[in-house]
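Since we're looking at a predicted model, the values are computed, not measured.
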Amino acid sequence: MKKNVRIVINGAEHRAEVEPRLLLVHFLREVAGLTGTHIGCETSLCGACTVLLDGMAVKSCTVLAVQADGRSITTIEGLAASENLHPIQEAFWEEHGLQCGYCTPGMILCAHDLLQQNASPSEQEIRDGIGGNLCRCTGYQHIVNAVKAASRKMNQRQRAAARAAD
Amino acid sequence: MIPASFDYESPKTLNEAITLLASREDAKLLAGGHSLLPAMKLRLASPALLIDLGRIGGLDYIRDSGETISIGALATHAAVAASRLLLASSPLLAQAACNIGDIQVRNRGTIGGSLAQAHPSADYPAAILALDANIVATSQSGERVIPAHSFFTGMFTTALRPDEIITEIRVPKTAGSGTVYKKFHHPASGYAVVGVAAVVRGATGKIDDVAIGITGVAEVAYRATAVEDALRGKPASAIAEAAKHAADKVEALGDNYASGDYRRHLAQVYTRRALQEALSSKRK
Ligand SMILES: Cc1cc2nc3c(=O)[nH]c(=O)nc-3n(C[C@H](O)[C@H](O)[C@H](O)COP(=O)(O)OP(=O)(O)OC[C@H]3O[C@@H](n4cnc5c(N)ncnc54)[C@H](O)[C@@H]3O)c2cc1C
Ligand code: FES
Ligand code: FES
């Protein structure tokens with residue numbers, strides 16, 4: 001028994017008739033054609049498939065597409081508002097927060113959730129925050145540095161925006 | 001990794017969900033999906049129908065009900081961990097919730113789902129037992145209140161009947177007590193190798209009352225009654241000796257990572273630490 005779903009991805013609406021067992025990550029990659037979201041383990045452990053569901057980080061291999069019906073998803077392709085990179089993306093680039101890049105989209109979206117909750121996390125809070133995301137290349141230190149740098153950038157920009165609004 | 005085919009319903013009201021559940025023996029409830037979907041992908045579970053509770057509005061509240069705090073079954077681990085109300089008047093559940101899995105798991109998993117799953121290494125059961133919480137189950141015959149001590153009946157099994165849905169969890173306020181959840185995380189899975197939840201009431205240096213819930217050691221979480229009995233009315237200096245009874249008469253589970261003896265040992269050490277911390281963190 002197929003189901004009709006309507007999922008807004010990065011601001012654009014996608015409608016499809018899907019089997020209820022279709023995982024959200026397969027919807028994103030195969031139905032919507034957005035392959036920035038990676039599949040690592042498919043067993044909820046590696047975090048490579050992390051996307052934002054209504055703004056919150058989730059492992060899209062452990063959400064059914066039908067559960068996302070009517071809701072809004074942000075993938076790595078939609079994180080930056082314009083042509084420019086998002087500050088977290090910039091920070092990963094500048095701090096060498098990636099090597100092969102396989103874990104990176106998930107790391108960045110998980111870091112996004114963390115920084116929404118806690119704008120200035122400590123090193124330990126960052127390590128705990130990305131605890132559900134595995135990286136086989138970097139040894140994590142440069143990822144932690146990148147999240148710290150992203151936090152500084154985002155706080156600076158927020159202060160600048162607040163001053164501009166005064 | 002794709003689950004076997006199933007039908008899917010997403011009722012908008014609790015009544016519809018209850019009716020659906022009663023009408024189909026081969027149905028399973030879906031809440032956060034963070035135990036059920038992994039099991040379905042491994043084909044350890046292949047329900048013919050999933051009844052998704054996620055579209056039922058208003059079942060994710062955390063509210064003040066006077067003597068107790070009431071938590072809707074669909075409250076996520078993240079919501080419990082961050083609840084100001086819980087942190088102010090009954091922090092133990094929040095202390096356990098922030099230890100569950102990772103950010104992504106906490107954003108999806110629900111308290112009702114975790115209790116129904118009754119994983120032997122889950123975090124909530126220790127806290128629910130130590131708090132003497134009540135679990136409200138709803139079916140076509142109405143509401144039934146199940147006390148924590150009779151809720152967990154074995155590994156992955158509970159006192160829930162197949163037609164019942166957990167709708168609410170009621171926890172007492174613990175003002176005047178110190179509460180602590182201490183967890184030894186499994187390095188790969190993140191589940192508790194041992195998790196100890198402690199509620200301690202007493203003036204500095206003396207223990208008036210104490211409750212200890214332990215998860216991860218046995219097939220089912222339990223109250224460390226031998227430790228509790230040895231501590232009521234006793235000075236804080238009695239903690240170290242009493243904590244040695246944390247796994248008395250318990251058949252400890254062992255696996256490749258942690259043998260039964262090791263878990264027993266951890267239970268004693270974590271019980272001692274939890275009690276000492278709870279006594280010194282005691283609130284007004
Ligand atoms: C990577 C990972 C790490 C994890 N780490 C931990 C950890 O460290 N500690 C921990 O405690 N847990 C951990 N979990 C499990 C997690 O907490 C789950 O969210 C939880 O066990 C189940 O809750 P759920 O809402 O996801 O339930 P589901 O997976 O949707 O359901 C689980 C079971 O409960 C039933 N059910 C669900 N809701 C109800 C209800 N309201 N009434 C009756 N039955 C219901 C379902 O039918 C199903 O049988 C982890 C999970 C993952 C994927
Ligand atoms: S692919 Fe989803 S957690 Fe690994
Ligand atoms: S950069 Fe290769 S897995 Fe993280």
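Contact check on D69(A) versus R55(B) returns no salt bridge, with no Lys/Arg side-chain nitrogen under 4.0 Å from an Asp/Glu carboxylate oxygen.
Heavy atoms of D7(B) lying under 4.5 Å from chain A belong to its backbone as well as its side chain. With a threshold of 4.5 angstrom between heavy atoms, K59(A) approaches chain B through its backbone and through its side chain. Heavy atoms of L64(A) lying under 4.5 Å from chain B belong to its backbone as well as its side chain. Contact annotation for L36(B): neither backbone nor side-chain heavy atoms come within less than 4.5 Å of a heavy atom of chain A. At a 4.5 Å heavy-atom cutoff, the contact between T50(A) and chain B is made by side-chain atoms alone. Contacts of A4(B) with chain A are made by backbone atoms alone, with heavy-atom separations under 4.5 Å and no side-chain atom involved.
Distance alone, capped at 3.5 Å, places no donor-acceptor pair between the K3(A) side chain and the E9(B) backbone. In this structure, the side chain of N107(B) engages the main chain of A57(A) through a donor-acceptor pair within 3.5 Å.
Within 6.0 Å of the CD atom in E25(B), the count of heavy atoms belonging to other residues, nucleotides or ligands does not exceed 12.
A distance of 11.5 Å separates CG in L109(A) from CD1 in I103(B), rounded to the nearest 0.5 Å. Remark: Q104(B) CD to L52(A) CG distance equals 10.0 Å, nearest 0.5 Å. L37(B) CG to C61(A) SG: the interatomic distance, rounded to the nearest 0.5 Å, is 9.5 Å. To the nearest 0.5 Å, atom CD of residue E19(A) and atom OH of residue Y8(B) are 14.5 Å apart.
L53(A) has its side chain within reach of R108(B): a pair of non-hydrogen atoms, C-beta onward, lies under 4.5 Å apart. For the pair K41(B) and L23(A), the minimum side-chain heavy-atom distance is below 4.5 Å. No side-chain heavy atom of S10(B) sits less than 4.5 Å from a side-chain heavy atom of Q67(A).
Below 4.5 Å, heavy atoms of chain B meet heavy atoms from D113(A), L114(A), G129(A), G131(A), G132(A), N133(A), all part of residues 112-135 of chain A. Of all residues in residues 155-166 of chain A, none places a non-hydrogen atom less than 4.5 angstrom from a non-hydrogen atom of chain B.
Ranked by heavy-atom pairs shorter than 4.5 Å toward chain A, the options G54(B), S5(B), G33(B) are led by S5(B).
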